[in-house]
Amino acid sequence: MVSKGQGNEIVLEVEDLRTYFSTRWGTVKAVDGISFDLRRGETLGIVGESGCGKSVTMLSLMRLIPTPPGEIVGGSIVLEGQDILQLTENEMSKVRGSQIALIIQDPMTSLNPVFTIGNQVNEAIQIHQAIPKRNIMQQTLEVLRKVNIPAAESRVKDYPHQLSGGMRQRVVGAIGISCEPAVLIADEPTTSLDVTIQAQYLKLLKDLQQQQNLALIFVTHDFGVVAKMCDRVAVMYAGRIVEMGDVREIFNSPSHPYTEALLASVPKLEEDVDRLFAIEGQPPALHDLPPGCSFADRCPYVMERCREEYPPDFHVSATHNSACWRLA
Amino acid sequence: MTTGSQHGEPSTQGSVLLEVRDLKKHFPVTKGLLFSQTTGYLKAVDGISFQIERGKTLGIVGESGCGKSTTAKLLLMLEEPTEGQILFEGEDIHHTDASHRRSYRSSVQAVFQDPWSSLNPRMRVKDLIGEPMVINWDVPKREIEERVEKLLGDVGLSTYHANLFPHEFSGGQRQRLAIARGLSLNPKMIVLDEPVSALDVSIRAQIMNLLKDLQNDYEVSYLLIAHHLATVRYMCDWVAVMYLGQIVEYAEVKELYNNPLHPYTKALMSAALPSHPDIEQEEIILTGEVPSPLNPPSGCRFHTRCPFAMDRCAIEIPETREVAPGHTTSCHLY
């Protein structure tokens with residue numbers, strides 16, 4: 001199967017994005033020069049461990065970086081032909097929600113407990129769509145039905161605490177898609193859900209993507225989500241994308257030692273594994289990165305060059321890049 | 001300490017350490033404050049039976065609200081059961097004298113999910129790990145210090161860590177500390193409640209491997225509570241699948257993963273995430289959510305969500321049947 005998005009137009013193009021935070025320990029380069037693009041209908045997975053910069057990447061795409069201490073210091077984010085880093089805050093708030101939307105991890109805290117869910121979905125529609133007030137509720141019900149909320153007419157009057165975790169996450173999803181954005185970012189959308197509810201939710205996202213030809217970005221630490229959902233994967237480590245490619249290429253022939261090690265360290269559902277591979281050590285502190293490759297200290301193939309110079313992106317194939325000196 | 005078989009091959013180590021018989025825990029649900037009335041019971045655990053062998057791992061899987069954490073609390077004696085027995089080395093722990101209960105409590109230890117909240121931030125590592133020994137053992141301080149150092153080494157930390165505080169450690173290291181504390185009394189069993197789910201992917205493998213190695217060195221049994229099926233497959237020898245307070249399927253790990261029988265187990269397996277994009281999974285998407293344990297469905301508790309439900313499922317409670325040696329399930333299909 002060829003990547004679904006191929007041939008479709010590019011909706012999002014990120015070029016050399018850098019987001020730094022100034023802290024009392026020095027400058028933390030949370031995102032340090034990442035580039036990728038995304039086509040309509042395509043799903044990109046951004047995988048990495050905590051502190052690798054995946055959440056900061058996503059917040060940068062939404063321009064929600066708290067400034068200070070954080071700042072997008074360089075690069076460009078071109079969304080449907082427009083560099084959103086050049087927009088004023090007012091212009092950006094029109095883009096947010098209508099062209100690019102975000103589903104965050106914890107449905108317990110991302111909904112306002114003192115408003116009904118009807119109110120909260122209404123709000124998003126009201127801000128971004130010029131439709132008459134009396135029709136807004138109609139639209140809200142339609143969106144709630146789209147995310148399979150049973151008995152939507154009575155549910156709109158419920159407060160978040162009256163819903164289960166899975167339902168709340170659907171409501172967050174409903175707000176996300178209510179204005180038919182071009183790009184939907186899902187940040188670990190299923191980690192707080194039970195297994196069977198997670199399966200329902202992932203299927204829902206896939207269906208919605210097909211209906212609306214959404215470009216999806218999945219931010220996750222779980223390769224299972226990637227295997228199930230994504231067309232392409234970007235693996236992040238210490239603020240950079242170390243490997244990116246078609247999902248099958250990454251799973252079948254990972255070429256960066258970090259990707260290889262991560263894949264080998266996950267237990268498998270389908271087969272017995274005698275002993276898991278464990279990556280020794282911890283990721284480096286982001287305010288004090290080594291001059292060379294950030295993975296060098298934990299890498300089993302480390303060479304002298306790795307400690308001196310950060311490797312550029314090497315092409316493994318036309319759709320597969322990896323930043324490792326072994327490919328030089 | 002019973003038979004000599006525990007020094008043989010792992011496969012012959014199979015003497016039973018702990019047996020649970022028809023264990024129930026019903027929490028009363030009350031209404032009103034001063035003259036409160038009991039209006040019903042929340043049947044968190046409703047008649048479960050299983051065994052844990054010496055040096056082996058039993059996994060309990062299920063979704064939130066299925067009673068797996070209550071089961072853990074019952075085994076740790078943090079809750080009193082409503083009915084049923086827990087037999088530890090043949091002795092009913094609730095009908096025995098205080099000294100036996102005390103020795104049970106030190107033989108069964110726990111490691112919890114979140115190493116950020118399970119370690120007292122104001123205690124140094126040596127006191128955290130040494131505390132159980134100070135309380136339970138009458139040994140000189142020097143000996144405890146030596147043992148703390150040995151435990152630190154066993155869990156992959158260094159002796160200089162003994163003087164530090166928990167906040168100076170990363171998540172994976174903290175979980176190592178929690179494990180060292182759990183091992184300090186030479187327990188015969190450790191209850192592991194989601195021991196790796198709060199950790200990063202690359203750290204999970206370190207901790208799972210460590211737990212497996214320690215099981216060999218210390219000949220300790222584990223009860224592993226988890227929701228991640230792949231983790232359970234890697235760690236466990238036996239698995240019990242729970243749904244709404246009951247065990248719906250119980251089998252050896254290989255048997256369960258190769259031949260899941262109960263529709264709920266099948267649905268869990270199909271909902272679990274694949275390890276490769278080319279793996280085709282049977283698509284069983286369960287509709288709806290787990291019903292409230294306050295008012296569980298009649299008959300088979302799973303019938304409201306079961307894709308294979310028949311008329312009798314709503315009426316008759318299915319019996320637990322042994323469908324293959326050691327493999328039991330409660331379903332009218334079998």
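Quick caveat: nothing in here was measured; it's all calculated off a predicted structure. Every chain is numbered from 1, with letters handed out A, B, ... down the list of sequences. Computed over heavy atoms, backbone and side chain alike; hydrogens, waters and symmetry mates excluded.
- Of the two parts of B:Ile207, neither the backbone nor the side chain holds a non-hydrogen atom closer than 4.5 Å to a non-hydrogen atom of chain A.
- In this structure, a donor-acceptor pair under 3.5 Å is present between the side chains of A:Thr196 and B:Arg305.
- Heavy atoms closer than 4.5 Å to chain A are found in both the backbone and the side chain of B:Ser64.
- A:Asp274 touches chain B through its backbone: at least one of N, CA, C or O sits under 4.5 Å from a heavy atom, while the side chain does not.
- A donor atom on one side chain and an acceptor atom on the other are found under 3.5 Å apart for A:Glu49 and B:Ser202.
- For the salt bridge (charged side-chain N to carboxylate O under 4.0 Å, His left out) criterion with A:Arg232, the lone passing option out of A:Glu243, A:Glu42, A:Glu249 is A:Glu42.
- Atom SG of B:Cys300 sits about 8.5 Å away from atom OH of B:Tyr243, to the nearest 0.5 Å.
- Between A:Phe223 and A:Phe251, the ring-plane angle classifies as perpendicular under the 30° and 60° cut-offs.
- Below 30°, between 30° and 60°, or above 60°: for A:His256 and A:Phe295 the angle between ring planes is between 30° and 60°, a tilted geometry.
- Side-chain atoms of B:Tyr234 and B:Asn209 form a donor-acceptor pair, as typed in the model, at a separation below 3.5 Å.
- For chain A, the option among B:Thr231, B:Leu268, B:Asp278 with the highest count of heavy-atom pairs below 4.5 Å is B:Asp278.
- Each of B:Ser197, B:Ser275, B:Gly156, B:Gly171 has some count of heavy-atom pairs under 4.5 Å with chain A, and the biggest count is that of B:Ser275.
- Within the 4.5 angstrom heavy-atom criterion, no atom of A:Ile250 approaches chain B.
- The aromatic rings of B:His161 and B:Phe169 sit tilted relative to each other, their planes meeting at an angle between 30° and 60°.
- Ranked by heavy-atom pairs under 4.5 Å with chain B, the first of A:Arg275, A:Lys203, A:Lys228 is A:Arg275.
- Using cut-offs of 30° and 60° on the angle between ring planes, the pair B:His262 and B:Tyr264 is perpendicular.
- Of all the listed residues (A:Glu271, A:Arg298, A:His221), the one sharing the greatest number of non-hydrogen pairs under 4.5 Å with chain B is A:Glu271.
- With a threshold of 4.5 angstrom between heavy atoms, A:Phe277 approaches chain B through N, CA, C or O but not through any side-chain atom.
- Contacts of A:Lys268 with chain B are made by both backbone and side-chain atoms, with heavy-atom separations under 4.5 Å.
- Of the two parts of A:Gln198, only the side chain, counted from C-beta on, holds a non-hydrogen atom closer than 4.5 Å to a non-hydrogen atom of chain B.
- Ranked by non-hydrogen atom pairs under 4.5 Å with chain B, the options A:Val226, A:Val225, A:Val266, A:Leu263 are led by A:Val225.
- Contacts with chain B were tallied for A:Pro150, A:Gly48, A:Ala227; A:Ala227 has the most, counting heavy-atom pairs under 4.5 Å.
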